[in-house]
Visitor: 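I'd like to ask some things about the structure below.
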6 protein chains.
Amino acid sequence: MDISIRAIRDLLEMALREDIGIGDITSDSVVPANVMAVGTILSKDDGIVAGLDVAEEIFRMLDPEIIFNRLVSDGERVHFGQNIATAEGSARSILTAERTVVNFLQRLSGIATTTTKYVEAASGYHATIIDTRKTTPGWRALEKYAVRVGGGHNHRFGLYDAVLIKDNHIAAVGGIAKAVKRAREQIPHTMKIEVEVESMAQVREAVKLGADIIMLDNMDADMMSEAVKLIDGKALVEASGGLTLENIPAVAATGVDLISVGALTHSAMPLDISMSICSLKLKGGE
Amino acid sequence: MDISIRAIRDLLEMALREDIGIGDITSDSVVPANVMAVGTILSKDDGIVAGLDVAEEIFRMLDPEIIFNRLVSDGERVHFGQNIATAEGSARSILTAERTVVNFLQRLSGIATTTTKYVEAASGYHATIIDTRKTTPGWRALEKYAVRVGGGHNHRFGLYDAVLIKDNHIAAVGGIAKAVKRAREQIPHTMKIEVEVESMAQVREAVKLGADIIMLDNMDADMMSEAVKLIDGKALVEASGGLTLENIPAVAATGVDLISVGALTHSAMPLDISMSICSLKLKGGE
Amino acid sequence: MDISIRAIRDLLEMALREDIGIGDITSDSVVPANVMAVGTILSKDDGIVAGLDVAEEIFRMLDPEIIFNRLVSDGERVHFGQNIATAEGSARSILTAERTVVNFLQRLSGIATTTTKYVEAASGYHATIIDTRKTTPGWRALEKYAVRVGGGHNHRFGLYDAVLIKDNHIAAVGGIAKAVKRAREQIPHTMKIEVEVESMAQVREAVKLGADIIMLDNMDADMMSEAVKLIDGKALVEASGGLTLENIPAVAATGVDLISVGALTHSAMPLDISMSICSLKLKGGE
Amino acid sequence: MDISIRAIRDLLEMALREDIGIGDITSDSVVPANVMAVGTILSKDDGIVAGLDVAEEIFRMLDPEIIFNRLVSDGERVHFGQNIATAEGSARSILTAERTVVNFLQRLSGIATTTTKYVEAASGYHATIIDTRKTTPGWRALEKYAVRVGGGHNHRFGLYDAVLIKDNHIAAVGGIAKAVKRAREQIPHTMKIEVEVESMAQVREAVKLGADIIMLDNMDADMMSEAVKLIDGKALVEASGGLTLENIPAVAATGVDLISVGALTHSAMPLDISMSICSLKLKGGE
Amino acid sequence: MDISIRAIRDLLEMALREDIGIGDITSDSVVPANVMAVGTILSKDDGIVAGLDVAEEIFRMLDPEIIFNRLVSDGERVHFGQNIATAEGSARSILTAERTVVNFLQRLSGIATTTTKYVEAASGYHATIIDTRKTTPGWRALEKYAVRVGGGHNHRFGLYDAVLIKDNHIAAVGGIAKAVKRAREQIPHTMKIEVEVESMAQVREAVKLGADIIMLDNMDADMMSEAVKLIDGKALVEASGGLTLENIPAVAATGVDLISVGALTHSAMPLDISMSICSLKLKGGE
Amino acid sequence: MDISIRAIRDLLEMALREDIGIGDITSDSVVPANVMAVGTILSKDDGIVAGLDVAEEIFRMLDPEIIFNRLVSDGERVHFGQNIATAEGSARSILTAERTVVNFLQRLSGIATTTTKYVEAASGYHATIIDTRKTTPGWRALEKYAVRVGGGHNHRFGLYDAVLIKDNHIAAVGGIAKAVKRAREQIPHTMKIEVEVESMAQVREAVKLGADIIMLDNMDADMMSEAVKLIDGKALVEASGGLTLENIPAVAATGVDLISVGALTHSAMPLDISMSICSLKLKGGE
């Protein structure tokens, strides 16, 4: 699924507002209004690109006359020194947009690149790599998009589109059975119920209650294998907690359906991307 | 300088809106409205805390009756297992707020912690560690606050509050001299002019033009030393580009006034923070 | 689940803005600022009340000093002439709020009342009465809340929280099988897939593809019975299209799990509610 | 007067946001991006169409490349099975817009259709059918537009553009005379003063005070006739309260100038409208 | 009529945002957080105060703990050196609010003071001094309030609450008669129709057409007198164009009902107001 | 530096909203939709034009099909009767926009014209005329732009982009030295520090502390001359307080670098500008 620009427009507005404020003092005072330029976005590392729609939209918001050309697509692997896209138009506009565009691209491409590493670590197994709600506040839709670009799948988008009953909910209401029953009575029939479990007894209870998804929280690989056998296809099984690139293969080998990794979003290093700008002839000049 | 909650309210609103949407289906259906709880925020690593005002404001926005208690202050070092704060009130409200609060605290404390490491690496020298505009879009004010909490200083806040003439500006107008002249004619007298230089010839020209700050871009330590001598206090000297924890001492030893590090914000690992919630008696019960 | 005031604040702001604009010319010019009053909200018909949180919030937004007292709760049945709530405070504020408060209460109580009639028509059967997305634009969260108050259940909240594959989707991609496959590959594992079917052949295919919910579109009762038998518990079964108070029992008798009724929201008559205001002593007077 | 799209843009944004949220999961996952389609909006009942500008704007907001063709104009009568308009463009965009577009058209056309019935009931008499402030909160401008489309006229738009002194105002200040005097002293000279009366004594007083409009509240037809004679053209006369299609002719026959009917907006049944979508060739295909 | 704070909150937010941005660098860095202060707002000229509700609201928005004390009320005359109000609380908050508060008070009090001069110039005559739509964009509600505080009355609030047919409208439709007829057919019955006239022939036509208000545009006093006689109470008469403090008495003497003066708002000099701040003891100190 | 339309869009939206509200009743009812017109903006006085970008944007916001033609540029001097620009398009749109466009142009051109007078008064001297923060709330960016158009320079934009230590700050912290020290420790190195002084002793201290700018508050010309000599180029010198067109030459002659004048913005008379509209043929007619 593509990113919906409509859904992130408030963030883009906020980003431009915080950087530009009353105006780009340097470009507006130093660069004549009629200087044209080409900005070339290039990667200074190997990785997966994500966020070109965002980059294009930021240029468009600042100056609808900028022409944005993609040299690769979201999801493509790029290499050190490879050009990603160009923007051609008013030098002032391109200089003003530069940092915001690059900040978005670096972070989103970093998440896509990180996700791909986890997906590759689980390759050969049935398990799907999924994200969590441990995203940068304000960036949920964008970061979940970058995970998809990197080959991962999304967990629920927020508190509003699925039920996930955790230990705290269970404690507050007095038992898994009560919690599941209360949820089922009230939620739309279109929603699934996931239950977090920490012991085999809880696994058994969750299965009995007809949970759609069972999240194994911080279990070791042996216990996960046992849980997978016990659940036996009656619910989707999600491994969660303490998962790293190193232990992904072992976890995936247990037969779980899903492996959720907070690090996809909260600990992804940015992909090193920069923009080089070369001025062109004056608009209207020869 | 403290963080201005007014300046970040739009981001907090956006964060709550993206996570909660039409409602927290799980808590609202599972947890009875009258269950009270205490949420305890604790650190699962060693680091510097930042963002307690943000945490308190999020709880307040969701439920003004939650009582937030700080056990440490922003800027304090915490250790593995140490409690940071507690929130007492409606279990539903605390469960709904949990993830957003923790997501903010983790990121901001991570930046403060990272900054402190850089500051310590430069200790014993005259140089100040400063941030850049390589911040998470939407988070500029917050991340620059976290840098201050960690002992760093801020570079300009945006394109609007200082002039920074880079190679692209110089190219677009045809030389440093023209660029500085055009800026000086137009900008408020309250603003400083910083010029990015890449060679000793440019250093000399920038000094001659009366630049307030000279940014040495991607120079090695020897060249920096030479530039510092040449500038000789006539401008502030900023080292920029390719700076890591490892080379900070060598750079600081060159005598530069400022060392700007994009990694403070774009590559800081989150501090591992979580919230544990224990339900209490029913409100009005015994 | 209660209504989240946060989720509807924009609508309440818009409602007050459109009615009050630059000011309530009549009350502000005619009524002295220190006149106090009690407004009594009463029902002029029999029905189910919904929207008291909304009413209270509107008074609060206009004047935080108004004291709002509920005489019944959302979901209670009231009778002709029965008082629902009172608001005590500045006469000006109460007069200004009157129409907006009543407009909200009438519509929401009308939906709750209508829903209850449908729920009663299906009583004795297994089937649940659910709403649709045929809500008043801007009012989705509120109207779905009113349906819950009336004893109904909610279908999905919007296009974002469940998959519902209709004939148009099927046509666009070339067959149910392709449509379900494409959806399953991309959506979060937390989401269910519902498929709209119009023939027994499609019912069979939907079951085979593992649809979580099967919507029988505009089938007669005999065909529905046959579909229910064929599906045999392998998916939830939703009856949809052309459902009225009169045919609900026959449809419910077919054994479907869910009966979705657009009329709950788009054709509910308002409950006749009004506010009578009596002025009190002057504030500060004796 | 046409509807001002500017004045309703906030409502349209809210409508799209509440339905689409983070994205249309079904269309985005199932329908390939390059499938083109034609959506045909058709009426499944007889009535008056209203809202085509709104429909076009919603398509435009979602996807500026959609081509919207009107087959009728607002205010035209359509019959069962008649096509109203078509939208041609990306299948995804049309599917995503479908429900919101139809929800607006159904409600607005329902109000226009209902209004026309009232207008026809009063035909042959001098009286004008007018609306009230009993509109759906958030929809004031739109619903008043639909009333005009149906041949009705508008009462004041809100509390800000005319004075309407009701019993509560009179009670609060101590008499009609004081109320009118206080209003006249303070309001712009461009505004009219309407007074609500319940007895012939009040009618007489209102005339004496020079009220511009006199609202006869819940009077029977005989009393209205008497009031009309007494007022004798010195003020506009508005009949209000308990008016139905059945008693409109008798009320109109009393000679009142205006008949205000809350039911035009709060109790109008939607006109049954739907959209059928047929997919076309792939964009770029042959 | 008082000012509605709700109606101007967007402007106040915008005002604080444009002045404070990311923070008040000076106060936040220089003044310790626990310093308390009293700010005294005083007049440095003679005039009429307007805007104390605005001042109080700005302090409240910045810091709800500030205590605001009024020493005079809106509409009172103050003299050189007279104190108007005090604000007590955090020194930082008061320093941050100072300029915005004073900027609002100076402008609004200037308008009230100017208005009073015009009102006094017309004293002894029947005519009322009224404002125009020549207000500062964004400030309409506030400036019209200040006119009322100064003893003037308001013309229409905007294009939405009354009809004013000017020469351009007449030309566009082809004659006064057509223009009035078209308006009367479409506008709410609660609205008045004002017609701008430039000749006695037009005056006669406007009377014949039943205009509620006739605006004499740029006529000299003799012509105005003649028009007043001709109109003879059949419509309100408004003098407009080229009116100054000097010619007000002569114009008022013609018997016109209303004199509209754009200068009340667009050319009012600010009243010289400033705030002096004295620091107090530290909070918590002795 | 040009004005950034992005930075003022909220104000323009607010301006249109407050004037138009639910619609321009007069134009929409009187003027047929297909009447085309040309509006000509002309100056009725001599002065400097400012705000043409704003005028164009307002027309564009209301109706993107209006063609706006500039006959002069911002900063040009116009004479009585000279045309400034034309707008061609729908008569309704032009009539609706007229007042808002003119209100903006009058105020901004008035500020540019006033500024030019002050700049001319200081001509022949070294001093630069600068503005203050005494701007119309909501209009900061626009009014500072108009000052630049008139040949003046800008002081800081707000509280966020430079440090200005006033007497109140000094008092609150206990001395200039402490104040400067606290500021320097915390602010970005890109920011300058200005100190307000009232005595020669304070001038000396400010120089010693290395203030970047020293503001001489309400000093007479002799004292200013003495201060300029004492400062001797070690800081920029700003004259402030009580400056009028009359005393500008004397102040400029003291050798100060900057003369700040609040009257540029708070007391500028509007330039008399109006729009005349002539209707054209019907669209589509012959």
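First the proteins, then the strands, lettered A, B, ... as listed; each starts at 1.
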Visitor: Specify which of A15(A), G138(A), G21(A) makes the most heavy-atom pairs with chain B at under 4.5 Å.
Guide: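 Highest number of pairs under 4.5 Å: G138(A).
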
Visitor: Is D167(A) in contact with chain B via its backbone, its side chain, both, or neither, using a 4.5 Å heavy-atom distance?
Guide: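 Interface part for D167(A): neither.
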
Visitor: Given the options T136(A), I22(A), V180(A), which has more heavy-atom pairs under 4.5 Å with chain B than any of the others?
Guide: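 Looking at each of T136(A), I22(A), V180(A) in turn, T136(A) comes out on top.
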
Visitor: Nearest 0.5 Å please: distance from the CE atom of M275(B) over to the CG atom of N168(A).
Guide: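 Going from CE on M275(B) over to CG on N168(A), the span is 9.5 Å.
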
Visitor: Throw together a table of side-chain donor-acceptor distances under 3.5 angstrom for residues 261-269 of chain B, partners on residues two or more places apart or in other chains.
Guide:
unit_1  : atom_1 : unit_2  : atom_2 : d
T265(B) : OG1    : K134(B) : O      : 2.8
T265(B) : OG1    : G262(B) : O      : 3.2

Visitor: Considering only heavy atoms and a distance below 4.5 Å, find which of M191(B), R133(B), M14(B), R107(B) pairs most often with chain A.
Guide: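 When all of M191(B), R133(B), M14(B), R107(B) are compared, R133(B) has the most.
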
Visitor: Between L95(A) and chain B, with a heavy-atom cut-off of 4.5 Å, which part of the residue counts as in contact: side chain, backbone, both or neither?
Guide: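 Contact with chain B is through the side chain of L95(A) alone.
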
Visitor: As an exercise: rank D24(A), D19(A), D28(A), I20(A) by heavy-atom pairs under 4.5 Å with chain B and give me the winner.
Guide: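 With the most close heavy-atom pairs to chain B, the winner is D19(A).
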
Visitor: Determine, stepwise, if the pair T96(B) / L159(A) fulfils side chain to side chain contact (heavy atoms under 4.5 Å, CB included).
Guide: CA-CA 8 Å; T96(B) 301; L159(A) 295 164; 4.0 Å; yes

Visitor: For residues T26(A) and H169(B), is any side-chain donor paired with an opposing acceptor at under 3.5 Å?
Guide: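 No, no side-chain donor-acceptor pair sits under 3.5 Å.
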
Visitor: Quick check on the interface: out of S27(B), A141(B), A162(B), C278(B), who has the most heavy-atom pairs with chain A under 4.5 Å?
Guide: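 So the answer, after comparing S27(B), A141(B), A162(B), C278(B), is S27(B).
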
Visitor: Pair I165(B), V30(A) - check side chain to side chain contact (heavy atoms under 4.5 Å, CB included), show working.
Guide: CA-CA 8 Å; I165(B) 299 173; V30(A) 168; 4.2 Å; yes

Visitor: Is A7(B) close to chain A through its backbone or its side chain, or both, or neither, when contacts mean heavy atoms under 4.5 Å?
Guide: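 When you check distances to chain A, no heavy atom of A7(B) falls under 4.5 Å.
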
Visitor: To the closest 0.5 Å, what do you measure between OG (S29(B)) and CZ (R184(A))?
Guide: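 These two atoms lie 11.0 Å from each other.
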
Visitor: Taking V173(A), I193(A), L164(A), N103(A) one by one, which has the highest count of heavy-atom pairs under 4.5 Å against chain B?
Guide: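 Option with the top pair count is N103(A).
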
Visitor: Which residue out of A171(A), A91(A), G23(A) racks up the most heavy-atom pairs below 4.5 Å with chain B?
Guide: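 Greatest number of close heavy-atom pairs with chain B: G23(A).
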
Visitor: Top residue by heavy-atom pair count (under 4.5 Å) with chain A, among R140(B), E18(B), Q186(B)?
Guide: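 The answer is E18(B).
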
Visitor: For a quick test of reading the model, state the closest non-hydrogen atom pair linking A172(B) to V35(A) and the distance between them.
Guide: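 A172(B) and V35(A) have their closest heavy atoms at O-CG2, 3.9 Å.
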
Visitor: Looking at W139(B) and P137(A), would you say the former's side chain and the latter's main chain have a donor-acceptor pair under 3.5 Å?
Guide: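 Flag set: sc W139(B) to bb P137(A) pair under 3.5 Å.
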
